[in-house]
There are 2 protein chains.
Amino acid sequence: MTRRLAEVAKKVGVSEATVSRVLNGKPGVSEATRESVLTALDVLGYERPTQLRGDRARLVGLVLPELQNPIFPAFAEVVGGALAQQGFTSLLCTRTVGGVSEADYVDLLLQQQVSGVVFAGGFYAQADAPHEHYQLIQERKLPCVLVNAAVDHLGFPQVSSDDFVAADMAIGHLRALGHEKIGMVLGPRDHIPSRRKLDAFLAAPEADPGLVEHTMFSLEGGHAAATRLVKNGVTGIVCASDILALGAIRAVRRAGLAVPEDVSVIGYDDSAMMNCTDPPLTTVRQPIDAMGRAAVDLLVALIERASVPADELLFEPELVVRASTARLKT
Amino acid sequence: MTRRLAEVAKKVGVSEATVSRVLNGKPGVSEATRESVLTALDVLGYERPTQLRGDRARLVGLVLPELQNPIFPAFAEVVGGALAQQGFTSLLCTRTVGGVSEADYVDLLLQQQVSGVVFAGGFYAQADAPHEHYQLIQERKLPCVLVNAAVDHLGFPQVSSDDFVAADMAIGHLRALGHEKIGMVLGPRDHIPSRRKLDAFLAAPEADPGLVEHTMFSLEGGHAAATRLVKNGVTGIVCASDILALGAIRAVRRAGLAVPEDVSVIGYDDSAMMNCTDPPLTTVRQPIDAMGRAAVDLLVALIERASVPADELLFEPELVVRASTARLKT
DNA sequence: CCAGGTTGCGCAAGTATTTGCGCTGGCTTG
DNA sequence: CAAGCCAGCGCAAATACTTGCGCAACCTGG
């Protein structure tokens with residue numbers, strides 16, 4: 001009922017045969033004719049076959065939860081750059097308020113015939129979030145790598161930074177500075193990286209489970225959580241992201257105290273510009289460069305059908321001591 | 001020569017007719033059969049037609065130069081959110097070092113049959129950069145909106161913040177604080193928004209053209225440029241981005257001076273977290289929320305074939321006074 | 001347990017696309 | 001300037017995909 005060839009052929013004034021040849025990249029058509037057929041195709045709104053524009057685009061989806069926290073754009077740059085070097089193009093997908101869900105993005109990516117997907121900080125990290133769309137990827141055998149702590153074994157290879165060690169370092173640092181009443185500001189309860197940090201916190205016998213706050217990952221969330229902790233008299237706060245830490249610093253000041261003189265605050269991520277903040281933030285750095293590269297290497301291996309262990313690659317974080325932590329006043 | 005239907009049909013053990021029906025979403029096929037046909041398709045590596053996965057995705061490309069400067073992720077969130085509300089999905093495209101060029105992204109987007117494109121801070125803003133790919137978009141009559149000051153009339157509608165007014169505000173603010181020796185740190189010489197700011201600077205009769213530095217948009221660029229300015233004895237620096245301003249602050253300190261006591265620094269953009277820096281940055285805010293919404297409105301109008309003036313919509317910036325500027329010491 | 005309805009599917013006829021072959025007209029060569 | 005060559009294209013045959021129709025299997029209500 002469509003009669004594409006016929007319609008296009010009439011429009012250009014050539015035979016159906018010629019249009020067919022153009023569409024299939026067959027020889028025997030002059031460049032000029034080829035051009036005009038292609039133009040007519042576009043004008044009439046038909047999809048030209050993928051192959052016609054250079055070689056098939058090697059697309060990879062990169063799914064991120066947000067862009068507010070600078071760690072995610074930074075990660076996107078690392079992954080995008082590494083993919084580009086391997087000849088892949090990345091499609092960046094970000095959840096937006098009231099907008100497109102992760103499942104929608106997965107649909108979209110499948111539709112666009114991507115060669116693979118990298119997820120960072122997605123729903124897979126939250127135990128209570130829907131996970132059906134990951135199974136969809138699995139069924140399709142689409143190469144996929146998860147960054148940072150997935151819920152359970154979905155069977156995808158993972159690249160994570162070691163949250164347990166990270167929290168341990170942060171707490172150790174505060175202890176070494178003489179702090180004893182230490183609080184934690186974490187993400188949602190079902191968020192796996194937060195849980196792992198919590199495990200590290202509770203591993204210490206002197207830890208007080210009452211000084212753990214769960215909140216959402218925003219400056220305001222950090223502010224609210226830290227306000228409660230300060231009220232409970234903590235002198236050190238370990239946060240699950242730099243943004244939370246900035247919120248915590250604001251909360252401490254709002255309470256009439258100073259950072260780091262009265263309360264020490266440690267962030268997590270070491271996102272950009274944390275050395276320009278007031279005070280420069282002591283934080284635990286995720287090695288995003290190495291992680292991004294590793295994720296891309298894994299993904300490319302999967303795409304090329306190499307067998308890759310569905311393990312979790314743990315990356316060692318690094319404590320970056322700046323000026324938001326100090327020895328406890330005696 | 002391919003005989004897709006036949007091959008798939010044999011694999012699944014049904015007739016070609018059934019496969020055809022599945023491929024075209026026709027009724028009269030049980031869910032189970034449909035599933036197995038699709039699976040076989042995937043296994044055999046055939047593309048399933050776009051329509052099969054829900055209704056045709058309404059895609060819009062969003063092309064950004066980088067993600068380091070937080071203004072771009074922020075803009076991406078605004079535009080992405082606004083598009084989502086209108087039922088569009090945004091594909092984020094970012095240039096990466098040694099990676100995909102703007103022209104490549106345009107090719108990609110055309111190939112993916114996007115409904116429209118939003119460019120922010122792209123090559124169109126630089127007089128000496130290649131512009132052919134914009135013409136390609138124009139020829140295809142693809143809806144397109146440019147954000148912030150394009151080189152010349154490429155015929156696309158534009159949404160910009162008023163750079164002249166912005167620079168004027170910044171300079172006026174410094175003058176009001178008693179500063180007379182004021183320097184400027186701008187982007188590349190052929191960068192149109194920087195030129196417009198330069199125009200505002202030179203409009204004042206007492207302006208010294210020797211105190212204008214061109215550099216690339218990075219912290220290090222700002223640092224280097226500001227170092228030269230400080231050596232020349234300026235007491236106030238107006239920067240073309242917040243990142244440049246942070247670099248400038250570092251340069252001032254490296255020179256043994258203090259911000260704002262010895263030298264006042266003004267940024268531009270008011271990107272996120274500039275109120276957490278040391279000192280909190282005085283800056284000129286781009287109304288990215290309004291601009292993003294306007295850009296999306298224009299684009300959607302274009303997509304719906306409404307006629308839209310190919311004008312430049314100028315948005316008024318806003319001076320945000322924090323603590324990186326102070327009265328000149330007498 | 002049977003009649004009638006419904007759904008899923010294959011047959012084969014109908015429609016669309018691809019391709020072998022040969023015509024044409026322009027360019028090269030002697 | 002004519003003969004020969006060949007790229008570019010259309011014709012029509014071959015191939016590939018779509019669809020109207022009817023059969024069969026399975027439910028459903030008597």
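Throughout, a chain's letter reflects where its sequence line sits, starting with A, and its residues are numbered from 1.
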Carboxylate-amine/guanidinium contact A:Glu16 A:Lys11, below 4.0 Å: no
To the nearest angstrom, how far is B:Asn24 atom CG from D:dT19 atom C1'? 10 Å
What is the distance, to the nearest angstrom, from the CD atom on A:Glu7 to the C1' atom on C:dT15? 16 Å
Taking 4.0 Å as the cut-off, does a side-chain nitrogen or oxygen of B:Ser20 come that near to OP1 or OP2 on D:dT19? no
Is the gap between the ring centers of B:Phe217 and B:His191 under 6.0 Å? yes
Between the side chains of B:Thr33 and B:Ser36, does any donor sit under 3.5 Å from an acceptor? no
Apply the test ring-ring contact (aromatic ring centres under 6.0 Å, His included) to residues A:Phe119 and A:Tyr134: give CA-CA distance (whole Å), side-chain angles for both, the deciding distance (0.1 Å), then the verdict. CA-CA 10 Å; A:Phe119 285 93; A:Tyr134 298 111; 5.0 Å; yes
Mind calculating the distance between CD (A:Glu31) and P (D:dC9) to the nearest angstrom? 11 Å
Look at all strands and tell whether A:Ser30 reaches a base, only sugar-phosphate, or nothing, counting heavy atoms closer than 4.0 Å. sugar-phosphate
Which protein N or O atoms sit under 3.5 Å from an N or O of nucleotides 10-12 of chain C?
unit_1 : atom_1 : unit_2  : atom_2 : d
C:dG10 : OP1    : B:Ser15 : N      : 3.4
C:dG10 : OP2    : B:Ser15 : N      : 2.9
C:dG10 : OP2    : B:Ser15 : OG     : 2.8
C:dG10 : OP2    : B:Thr18 : OG1    : 2.6
C:dG10 : N7     : B:Arg21 : NH2    : 2.9
C:dG10 : O6     : B:Arg21 : NH1    : 3.3
C:dG10 : O6     : B:Arg21 : NH2    : 2.9

State, to 0.1 Å, how close B:Leu302 and B:Pro143 come at their nearest heavy-atom pair, and which atoms those are. CB-CB, 3.7 Å
Measure from the side chain of A:Lys26, starting at C-beta and using heavy atoms only, and say which of D:dT19, C:dT19, D:dC9 lies closest. C:dT19
Side-chain ion pair, A:Arg293 and A:Asp297, N-O less than 4.0 Å: no
